**Student:** 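One structure, pasted below without further comment.
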Amino acid sequence: MQPATRTKVLGTPTRVPSPWRERKTSAIGKVVAAMRRCYPPRPMQSARTKIASVLRLVPPAEVRVKGWVRTARDSKQVAFLEVNDGSCFASLQVVCSPELANFDELRGLSTGSAVSVVGELVPSPAQGQPVELRARSVEIVGRAESSFPLQKKRHSFEFLREIAHLRVRTNTFGAVFRVRSALAQAVHSFFQARGFFYVHTPIITASDAEGAGEMFRVTTLDVGAPPRTPTGAVDWREDFFSKPSYLTVSGQLGGETFAMGLSEIYTFGPTFRAENSNTPRHAAEFWMIEPEMAWYDLDDDADLAEAFVKALLRAALEGCGEDLAFFNDRVDRGLIARLEAVVSADFGRIDYAEAVDRLAKSGKSFEFPVFFGANLQAEHERYLTETLIGRPVFVVNYPKEIKAFYMRRNDDGRTVAAMDLLVPKIGELIGGSQREERLDVLERTIRESGLDPAGYSWYLDTRRFGTVPHAGFGLGFERLLMYVTGMENIRDVIPFPRTPRNCGF
RNA sequence: UCCGGAGUAGCUCAGUCGGUAGAGCAGGCGGCUGUUAACCGCCGGGUCGGGGGUUCAAGUCCCUUCUCCGGAGCCA
């Protein structure tokens with residue numbers, strides 16, 4: 001709701017229930033409680049303690065640890081194994097003495113080997129670690145051949161991409177994927193706490209114009225000898241779905257239909273773009289989060305987006321401190337300060353027209369000209385958020401010519417209710433809009449985009465039957481991860497990146 | 001896709017004026033030390049991205065092609 005209307009709904013007090021109160025009565029809250037009751041952990045045959053837990057113990061304590069050797073140092077009298085099991089950033093130093101039956105084997109143990117260690121956790125007499133594990137027995141579970149490519153030195157990210165199946169055993173990628181997991185959970189927590197429903201929109205679609213880029217074709221036809229119609233064209237009626245089908249480029253249209261019944265929903269799933277994009281910010285397969293909300297206007301949309309970004313950054317700062325400290329130290333100095341600044345900042349809001357005006361008057365010379373009707377270039381976006389505004393900023397109300405057909409036409413006749421969230425360092429993080437809910441206007445804008453309304457009959461039905469104002473936005477999950485970790489290439493925040501010419505692993 | 005840069009040992013790189021390739025790390029062997037990017041000695045390791053050309057001679061110069069990286073576009 002607009003601020004103006006928010007305070008005078010029928011004169012009733014406008015105390016909005018805290019989203020956090022909903023959690024206790026929400027479905028997810030009850031499910032979590034039920035899982036705690038019904039699934040007590042069962043002891044494993046050979047139980048182990050995760051290193052994350054071991055490091056919280058007060059020594060002395062007897063534990064079994066299982067993990068992979070990060071580095072090994074040895075001499076006649078003693079051998080040190082640094083063992084990491086991925087449960088946390090830190091590794092555990094295992095001290096092996098010559099009394100161990102297989103001491104000679106352990107001395108030659110190479111980086112990457114898997115071990116199971118039983119021993120006593122004791123305060124470490126040396127600098128470098130508060131505690132260490134004095135081994136009573138070390139079982140070599142899986143030896144790593146000497147050709148194990150990871151060395152105890154810094155590798156380039158380019159090289160590590162070529163061994164994406166092993167790179168998770170490095171400090172950097174262990175941290176990246178712990179943060180990725182934590183943020184994926186935070187996405188769900190954020191929406192579930194607000195009573196949003198998680199919708200699985202289809203991966204395969206026959207909409208050949210979801211409107212967001214080149215699509216991958218899905219077919220079971222023999223591409224070398226497809227069935228033909230009498231005129232020689234490929235006969236798609238013979239294909240699996242009896243028509244051309246593709247991988248989805250967006251869950252938005254499906255999400256909109258669900259918002260017209262569940263009111264507030266979100267999607268969070270894989271998305272595919274067959275663009276020949278060769279940049280550090282694009283992948284052919286990525287994960288996108290798309291909330292869609294009935295009864296929201298553009299301001300409500302931006303409010304939600306702002307709360308969402310702040311909640312996710314806060315989740316990372318509070319839940320992944322050790323990993324973020326590493327990124328701050330080794331990958332992107334200033335990272336934590338920047339994230340904290342965003343969390344506490346009041347995001348700006350500025351009209352596209354005013355943004356263009358201020359960019360034009362800034363005196364800064366850009367490679368591309370700025371004028372009303374121009375797409376803001378990356379250089380414009382960054383100058384706007386970093387210098388002119390100095391904090392995250394929503395740019396709203398773009399010229400209709402440069403935005404998609406489903407965005408709501410404003411009364412001025414030349415702009416649409418679109419918003420882009422720009423953040424320092426990377427530029428656009430979120431794109432969203434209020435949707436065009438008026439049937440006649442939507443049919444017109446579809447035609448103006450050169451599309452056929454007949455192909456959108458089910459989408460248009462939502463405008464035919466109980467249409468309501470609604471809005472939503474899209475956030476590329478990997479873009480967010482790049483922002484949170486400081487990693488500068490999207491290929492390094494997704495387990496097995498798919499990019500042009502690249503579908504290994 | 002366009003523009004720019006780069007491909008040399010497993011990795012990171014050096015290689016002068018065109019004269020048949022080096023270092024550190026990793027690996028193997030040995031030594032030494034409560035070590036921690038451990039240290040010391042020795043050893044092995046190369047179709048210099050591929051193809052073509054110029055030249056007595058090409059890692060080096062020219063053409064072409066592939067791949068990677070960065071910038072732009074498309075976008076999330």
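Only heavy atoms go into these numbers, but all of them, side chains included; no hydrogens, no water, no symmetry mates. The structure presented is a predicted model; accordingly, all values stated were derived computationally and were not measured. Per chain, numbering begins at 1; letters A, B, ... match sequence-line order.
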**Student:** Aromatic ring centroids of A:Phe268 and A:Phe477 under 6.0 Å?
**Tutor:**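 Under 6.0 Å, so yes.
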**Student:** Considering only heavy atoms and no angle criterion, is a donor-acceptor pair shorter than 3.5 Å present between the side chain of A:Glu379 and the base of B:rG71?
**Tutor:**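 There is none.
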**Student:** Using ring centroids (six-membered ring only for Trp), state whether A:Tyr266 and A:Tyr198 fall under 6.0 Å.
**Tutor:**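 Yes - the distance between ring centres of A:Tyr198 and A:Tyr266 falls below the 6.0 Å cut-off.
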**Student:** Quick one: does A:Gln129 reach the base of B:rU35 with a side-chain donor-acceptor pair under 3.5 Å?
**Tutor:**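 Flag set: donor-acceptor pair detected.
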**Student:** Rounded to whole angstroms, how far apart are NZ on A:Lys76 and C1' on B:rU35?
**Tutor:**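 The answer, rounded to whole Å, is 16 Å.
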**Student:** Need one value for A:Asn502: base, sugar-phosphate or nothing, where a base atom within 4.0 Å counts as base even if backbone is also close, heavy atoms only.
**Tutor:**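 Counting heavy atoms under 4.0 Å across all strands, the contact made by A:Asn502 is with sugar-phosphate only.
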**Student:** I need the CD-P distance between A:Glu381 and B:rA72, as an integer number of Å.
**Tutor:**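 Rounding to the nearest Å, CD of A:Glu381 and P of B:rA72 are 11 Å apart.
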**Student:** Enumerate the side chain to side chain donor-acceptor pair (under 3.5 Å) contacts for residues 383-396 of chain A, please, sequence neighbours excluded, ordered by first and then second residue.
**Tutor:**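 The answer is A:Arg382-A:Glu386.
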**Student:** Look at the side chain of A:Arg134 against the base of B:rG34 and say whether a donor-acceptor pair falls under 3.5 Å; ignore hydrogens and angles.
**Tutor:**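 Yes, the side chain and the base share a sub-3.5 Å donor-acceptor pair.
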**Student:** Any chance the rings of A:His380 and A:Phe368 have centres within less than 6.0 Å?
**Tutor:**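 That pair fails the under 6.0 Å test.
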**Student:** Which side-chain N or O atoms in residues 423-433 of chain A pair as donor and acceptor under 3.5 Å with protein atoms at least two apart or in another chain?
**Tutor:**
{"from": "A:Lys425", "atom 1": "NZ", "to": "A:Asp332", "atom 2": "OD2", "distance (Å)": "3.4"}
{"from": "A:Ser433", "atom 1": "OG", "to": "A:Arg435", "atom 2": "NH1", "distance (Å)": "2.6"}

**Student:** Under 4.0 Å between any heavy atoms, over every strand shown, what does A:Leu429 touch: base, sugar-phosphate, or nothing? Just pick one.
**Tutor:**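 Contact class for A:Leu429: sugar-phosphate only.
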**Student:** Whole Å only: how far is the CD atom of A:Glu158 from the C1' atom of B:rG7?
**Tutor:**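 Taking CD of A:Glu158 and C1' of B:rG7, I get 12 Å after rounding.
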**Student:** Can you tell me how far P in B:rG59 sits from the matching atom in B:rU47, rounded to whole Å?
**Tutor:**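 To the nearest whole Å, 13 Å.
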**Student:** Give me the distance, rounded to whole Å, that separates B:rG50 from B:rG44 when you measure between the C1' atoms they each carry.
**Tutor:**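 Going atom to atom, C1' in each nucleotide, I get 28 Å.
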**Student:** Base, sugar-phosphate or nothing for A:Pro149? Non-hydrogen atoms, less than 4.0 Å.
**Tutor:**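 Contact class for A:Pro149: none.
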**Student:** Taking atom P in both B:rC56 and B:rU65, what distance in whole Å separates the two?
**Tutor:**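 To the nearest whole Å, 28 Å.
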**Student:** For B:rG71 versus B:rA58, give the span between their C1' atoms, rounded off to a whole number of Å.
**Tutor:**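 The same atom, C1', in both gives a distance of 32 Å.
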**Student:** Hunt down the Watson-Crick or G-U wobble partner of B:rC29, both distances under 3.5 Å, from any strand shown, or write none.
**Tutor:**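 The base-pairing partner of B:rC29, which may sit in any strand shown, is B:rG41.
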**Student:** Strictly under 6.0 Å, is that where the ring centroids of A:Phe405 and A:Tyr456 end up?
**Tutor:**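 Yes - the distance between ring centres of A:Phe405 and A:Tyr456 falls below the 6.0 Å cut-off.
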**Student:** Nearest to the side chain of A:Thr279, heavy atoms from C-beta on, is which of B:rA72, B:rU35, B:rG31?
**Tutor:**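 The answer is B:rA72, which lies nearest to the side chain.
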**Student:** Base, sugar-phosphate, or nothing: which does A:Ala79 touch, judged by heavy atoms less than 4.0 Å apart?
**Tutor:**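 No contact.
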**Student:** Using only modelled atom types and a 3.5 angstrom limit, is any donor from either the side chain of A:Asn278 or the base of B:rU1 paired with an acceptor on the other?
**Tutor:**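 Under the 3.5 Å cut-off, the side chain and the base do form a donor-acceptor pair.
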**Student:** Whole-Å distance between B:rC3 P and A:Glu367 CD?
**Tutor:**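 It works out to 14 Å between those atoms.
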**Student:** Could you work out which one of B:rG34, B:rC69, B:rA72 sits closest to the side chain of A:Arg281?
**Tutor:**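 Nucleotide nearest to A:Arg281's side chain: B:rA72.
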**Student:** What distance, rounded to whole Å, do you find between the two P atoms, one in B:rG41 and one in B:rA26?
**Tutor:**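 Result for the P pair: 13 Å, nearest Å.
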**Student:** Measuring only the P atom in each nucleotide, how far is B:rC63 from B:rG4? A whole number of Å is fine.
**Tutor:**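 My reading of the P atoms in B:rC63 and B:rG4 gives 13 Å.
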**Student:** Within the supplied structure, the quantity of interest is the number of heavy atoms (other residues, nucleotides, ligands) at a distance under 6.0 Å from A:Arg217 CZ; does it exceed 12?
**Tutor:**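 More than 12 within 6.0 Å, yes.
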**Student:** To the side chain of A:His282, which of B:rC75, B:rG31, B:rU35 is closest?
**Tutor:**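 When the side chain of A:His282 is considered, B:rC75 is the closest of B:rC75, B:rG31, B:rU35.
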**Student:** In whole angstroms, how far is the C1' atom of B:rG70 from the CG atom of A:Asp492?
**Tutor:**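 The distance from CG of A:Asp492 to C1' of B:rG70 comes to 14 Å, rounded to the nearest Å.
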**Student:** What's the closest nucleotide to the A:Asn375 side chain, out of B:rA72, B:rC74, B:rG31?
**Tutor:**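 So the side chain of A:Asn375 is nearest to B:rC74.
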**Student:** Please report the interatomic distance OH(A:Tyr398) to CZ(A:Arg414), rounded to the nearest 0.5 Å.
**Tutor:**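 If we round to the nearest 0.5 Å, A:Tyr398:OH and A:Arg414:CZ are 14.5 Å apart.
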**Student:** Indicate, yes or no, whether a donor-acceptor pair under 3.5 Å links the base of B:rC11 to the side chain of A:His155.
**Tutor:**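 Absent.
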**Student:** Between A:Asn102 and A:Asp104, do the side chains contain a donor N or O and an acceptor N or O under 3.5 Å apart?
**Tutor:**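 No.
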**Student:** Could you work out the separation of B:rC3 and B:rG49 based on their P atoms and round it to a whole Å?
**Tutor:**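 Their P atoms lie roughly 23 Å apart.
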**Student:** Taking only N and O in the side chain of A:Arg73, is any of them less than 4.0 Å away from OP1 or OP2 of B:rA37?
**Tutor:**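 No.
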**Student:** Treat primed atoms plus P, OP1 and OP2 as sugar-phosphate and everything else as base, then score nucleotides 22-27 of chain B 5' to 3': B for base contact with protein heavy atoms under 4.0 Å, S for sugar-phosphate contact only, - for none.
**Tutor:** --BBSS
**Student:** Taking only the side-chain heavy atoms of A:Glu275 (C-beta and beyond), determine which of B:rC68, B:rC74, B:rC69 contains the nearest atom.
**Tutor:**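 Side chain of A:Glu275 sits closest to B:rC74.
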**Student:** Partner of B:rU67 by Watson-Crick or G-U wobble geometry, both contacts under 3.5 Å, or none?
**Tutor:**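 Paired with B:rU67, as far as the under-3.5 Å criterion goes, is B:rA6.
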**Student:** Quick check for you: among B:rU35, B:rG34, B:rG70, whose closest atom lies nearest to any side-chain atom of A:Glu132?
**Tutor:**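 The closest nucleotide is B:rG34.
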**Student:** Mind listing the closest non-hydrogen atom pair of A:Tyr352 and A:Asn397 along with its distance?
**Tutor:**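 For A:Tyr352 versus A:Asn397, the nearest heavy atoms are CB-O, 3.3 Å.
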**Student:** So, does A:Arg491 get its side chain near the phosphate of B:rC68, meaning an N or O under 4.0 Å from OP1 or OP2?
**Tutor:**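 Looking at the OP1 and OP2 atoms of B:rC68, neither is under 4.0 Å from any side-chain N or O of A:Arg491.
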**Student:** Please state whether the phosphate of B:rC75, meaning OP1 or OP2, lies under 4.0 angstrom from any side-chain nitrogen or oxygen of A:Arg273.
**Tutor:**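 Indeed not, no polar side-chain atom of A:Arg273 lies that close.
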**Student:** Spell out yes or no: do the side chain of A:Ser277 and the base of B:rC74 have one donor N/O and one acceptor N/O closer than 3.5 Å?
**Tutor:**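 Under the 3.5 Å cut-off, the side chain and the base do form a donor-acceptor pair.
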**Student:** If you count heavy atoms of other groups shown closer than 6.0 angstrom to CD of A:Glu488, is the number above 12?
**Tutor:**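 Not more than 12 within 6.0 Å, no.
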**Student:** Could you say whether A:Glu428 or A:Phe368 is positioned toward the 5' end of RNA chain B, judged by the nucleotide with the nearest heavy atom to each?
**Tutor:**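 Result of the comparison: A:Phe368.
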**Student:** With both distances under 3.5 angstrom, what nucleotide forms a Watson-Crick or G-U wobble pair with B:rA21?
**Tutor:**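 No nucleotide pairs with B:rA21.
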**Student:** Between A:Ala126 and A:Glu162, which is nearer to the 5' end of RNA chain B once each is assigned its nearest nucleotide?
**Tutor:**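 It is A:Glu162, whose closest nucleotide lies nearer the 5' terminus.
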**Student:** When all nucleic acid strands are considered with a 4.0 Å heavy-atom cut-off, which category describes A:Phe80: base, sugar-phosphate, or nothing?
**Tutor:**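 Base contact.
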**Student:** OP1 or OP2 of B:rC68 less than 4.0 angstrom from a side-chain nitrogen or oxygen of A:Arg501, does that happen here?
**Tutor:**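 For B:rC68, OP1 or OP2 has a side-chain N or O of A:Arg501 closer than 4.0 Å.
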**Student:** What nucleic acid atoms does A:Arg154 come within less than 4.0 Å of, heavy atoms only: base, sugar-phosphate, or nothing?
**Tutor:**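 No contact.
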**Student:** Which nucleotide, B:rU12, B:rG34, B:rA38, lies nearest any side-chain atom of A:Ser156?
**Tutor:**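 Shortest atom-to-atom distance from the side chain points to B:rU12.
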**Student:** Given atom CG of A:Asn489 and atom C1' of B:rG71, what is their separation to the nearest angstrom?
**Tutor:**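 Answer to the nearest Å: 13 Å.
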**Student:** Distance check, P atoms only: B:rC61 and B:rC69, in whole angstrom units.
**Tutor:**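 Approximately 25 Å lies between the P atom of B:rC61 and that of B:rC69.
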